[in-house]
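One structure below.
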Amino acid sequence: MWSLEQLANTVHEWLNETFPSTWAMLIEFVIVGVCIIGLFAMLGLVLIMMERKVSSWMQLRLGPNRVGPGGMFQTVADTLKLIVKEGMTPNGVDKLLFNVAPFVVMIIAMVIMAPLIFAKGLQIWDINIGVLFITAVSSVSVIGILMAGWASNNKYSLLGAMRSGAQIVSYELSAGFAVLVIVILTGSLRISDIVNAQADGWWIFKGHIPVWIAFVIFMIAVTAETNRAPFDLAEAESELTAGFHTEYSGMKFALFFLAEYVNIFVVCALGATLFFGGWQPLHFGTDTTFNHIMDYIPSSVWFMGKTFFLIFVIMWFRWTFPRLRIDQLLNLEWKYLLPISMFNLLLATVIAIAGWYFQ
Amino acid sequence: MGAGSLIALMIAAIAFSGIAILISKIVLKSTTNKQKGEPYECGLPTKGPSWIQFNVGYYLFALIFLIFDVELIFLYPWAVVVKGIGWIALVEIMIFLFILFMGFLYAHKKGALKWQ
């Protein structure tokens, strides 16, 4: 059967036969770079469209419906508009930091893609500390945000950046604890090992209570880490205009916006990999007709389906919960989520050692 | 692919952002006037500098975060081997977490986690 894994292998073999190995490697890097840039552009278009359509349907509106069939090309039109807008640098900003910040945010959003498995056997870098890599790199993004906020020389930006920093570093802890639960159950930090361990059932089914608690905590934490509503007080429109990117306009603003949506995709992909088995299809029991039918659905469709379901859940949050105040936000993390996730970690350890999960 | 892919991705990110900004620089027609470069604060003229000393509350949270983040880093290698070692590992990590939790309770008691 045709698959992305075969395609990647064929290209790899053909390149190694035709060119010397150094050149083959360089060409592969170029291909990977182009593919990831393409993925970025597609994600930007699809996720912004999805956000607007989900919002409008939840409010019984039509949403964008003029450009293209059903408003499909609205984002393309918006991108074209942003290209012809001037990306100005206001007086009194720290010019270097102000211009470097969008690059920093974009680099982090792109590098974080490396250990993710997009389909069966389709992975850029099978690093043995994949989960740690993702947590570590994603926490660097706070530097880009603080850079942007501080360099803007604007009170809204500074406040937004500070809030965002406090929020991201706080919720990173409980996200880390939630990830650790899966690491304990699997016994490996390598993403491919974690996915392979779920071949006979996803962790959300196999791991029962500790994994359910970890999943809920993980979803809350990543919603806060990506500055989404109800934790969007870093860019609360009604109080801070746009938070840390108030002063950005034109293409630099578009880059921040894109990086934000790509980060949502990355955390949801991580959630799908850890809790829902990545590209593993849904199986019940062994060797039934149902399993065979599920095997026919390509692995990339499974992965994207799970990821986009989680993205939908995060968008759902936005129209369900009211925005928190900063003290409530920090209370929720430090007084509830952190102690709960610490005890959940111990519970998961007991269950992992005693073997009380389904195997 | 090895660690070289990270460099490839970084170059891809820089190229993507750089080309996007460059295209918009080429396409646009820029004009300047006196008001244009002012900080955007909803139409009012800016009062005082923006680079000021900031609420110490954020600093306290950052300090506590640092302790717990280092703790988390210590937990990662432990989490990989815990299934192989067994109950001893659980006891050890409980002692470790207990000490940290006491510190957490102390910070809580001192009011470091209260937002003023």
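A note on names: the letters A, B, ... follow the listed sequences, proteins ahead of strands, and every chain is numbered from 1.
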Minimum-distance pair of heavy atoms, taken over all atoms of [X] and [Y]:
X: A:Gly33; Y: B:Ala12; value: CA-CB, 3.9 Å
X: B:Ser17; Y: A:Leu255; value: CB-CD1, 3.5 Å
X: A:Ile107; Y: B:Ala13; value: CA-CB, 3.6 Å
X: B:Leu9; Y: A:Ala114; value: CD1-CB, 3.8 Å
X: A:Phe103; Y: B:Ile14; value: CE2-O, 3.7 Å

Tell me, out of B:Ile7, B:Val80, B:Val27, who's got the most heavy-atom pairs with chain A below 4.5 Å.
->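 Maximum pair count with chain A is reached by B:Val80.
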Closest-packed option against chain A by number of heavy-atom pairs under 4.5 Å, given B:Ile23, B:Leu66, B:Leu75 |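 Result: the option with the highest number of such pairs is B:Leu75.
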Let me know if [X] has heavy atoms under 4.5 Å from chain B in its side chain, its backbone, both or neither.
X: A:Ala109; value: neither
X: A:Phe253; value: neither
X: A:Ile129; value: neither
X: A:Asp94; value: both
X: A:Thr135; value: side chain
X: A:Phe133; value: side chain
X: A:Ala259; value: neither
X: A:Ile36; value: side chain

Determine, step by step, whether A:Phe177 and B:Glu71 satisfy the side-chain contact (heavy atoms from CB on, under 4.5 Å) criterion, reporting the C-alpha distance in whole Å, the side-chain angles of both residues, the deciding distance to 0.1 Å, and the verdict.
-> CA-CA 10 Å; A:Phe177 275 111; B:Glu71 173 205 353; 3.7 Å; yes
Are [X] and [Y] side-chain neighbours, meaning at least one heavy-atom pair lies under 4.5 Å?
X: B:Leu6; Y: A:Trp125; result: yes
X: A:Val169; Y: B:Asp69; result: no
X: A:Glu172; Y: B:Phe65; result: yes

Name the atoms and distances for all side-chain donor-acceptor pairs under 3.5 Å in residues 345-352 of chain A, with sequence neighbours left out.
residue, atom, partner, partner atom, Å
A:Thr349, OG1, A:Leu345, O, 2.6

Contact origin within [X] toward chain A - heavy atom pairs under 4.5 Å:
X: B:Ala62; result: neither
X: B:Ile73; result: side chain
X: B:Val82; result: both

Could you list which of residues 99-107 of chain B have a heavy atom closer than 4.5 Å to any heavy atom of chain A, in residue-number order?
->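 So far as heavy atoms go, B:Phe101, B:Phe104 are the residues that approach chain A to under 4.5 Å.
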Residue by residue, scan residues 88-95 of chain B and write down, ordered by number, those that have a heavy-atom distance under 4.5 Å to chain A; if none do, write 'none'.
->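 Hits under 4.5 Å: B:Leu90, B:Ile93, B:Met94.
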Among [options], who wins on heavy-atom pairs under 4.5 Å with chain B?
options: A:Val111, A:Val179, A:Val181, A:Val84; value: A:Val111
options: A:Leu159, A:Ile83, A:Thr186; value: A:Ile83
options: A:Lys252, A:Met106, A:Met113, A:His12; value: A:Met106
options: A:Ile127, A:Val131, A:Leu330, A:Val30; value: A:Leu330

Is a side-chain donor or acceptor of B:Lys83 paired with a backbone partner of A:Leu185 at a separation under 3.5 angstrom?
->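 Side chain of B:Lys83 to backbone of A:Leu185, a donor-acceptor pair under 3.5 Å: yes, one is there.
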Stepwise, does the side-chain contact (heavy atoms from CB on, under 4.5 Å) test hold for B:Trp78 with A:Val183?
-> CA-CA 10 Å; B:Trp78 166 81; A:Val183 174; over 6 Å; no
Crowding at CZ, B:Phe74 (>12 non-hydrogen neighbours, <6.0 Å) =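 Counting neighbours around CZ of B:Phe74, 12 or fewer heavy atoms of other residues, nucleotides or ligands fall under 6.0 Å, so no.
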Got a sec, which pairs hit salt bridge (Lys or Arg N to Asp or Glu O under 4.0 Å) with one end in residues 326-355 of chain A, sequence neighbours left out?
->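 Only A:Arg325-A:Asp327 qualify under salt bridge (Lys or Arg N to Asp or Glu O under 4.0 Å).
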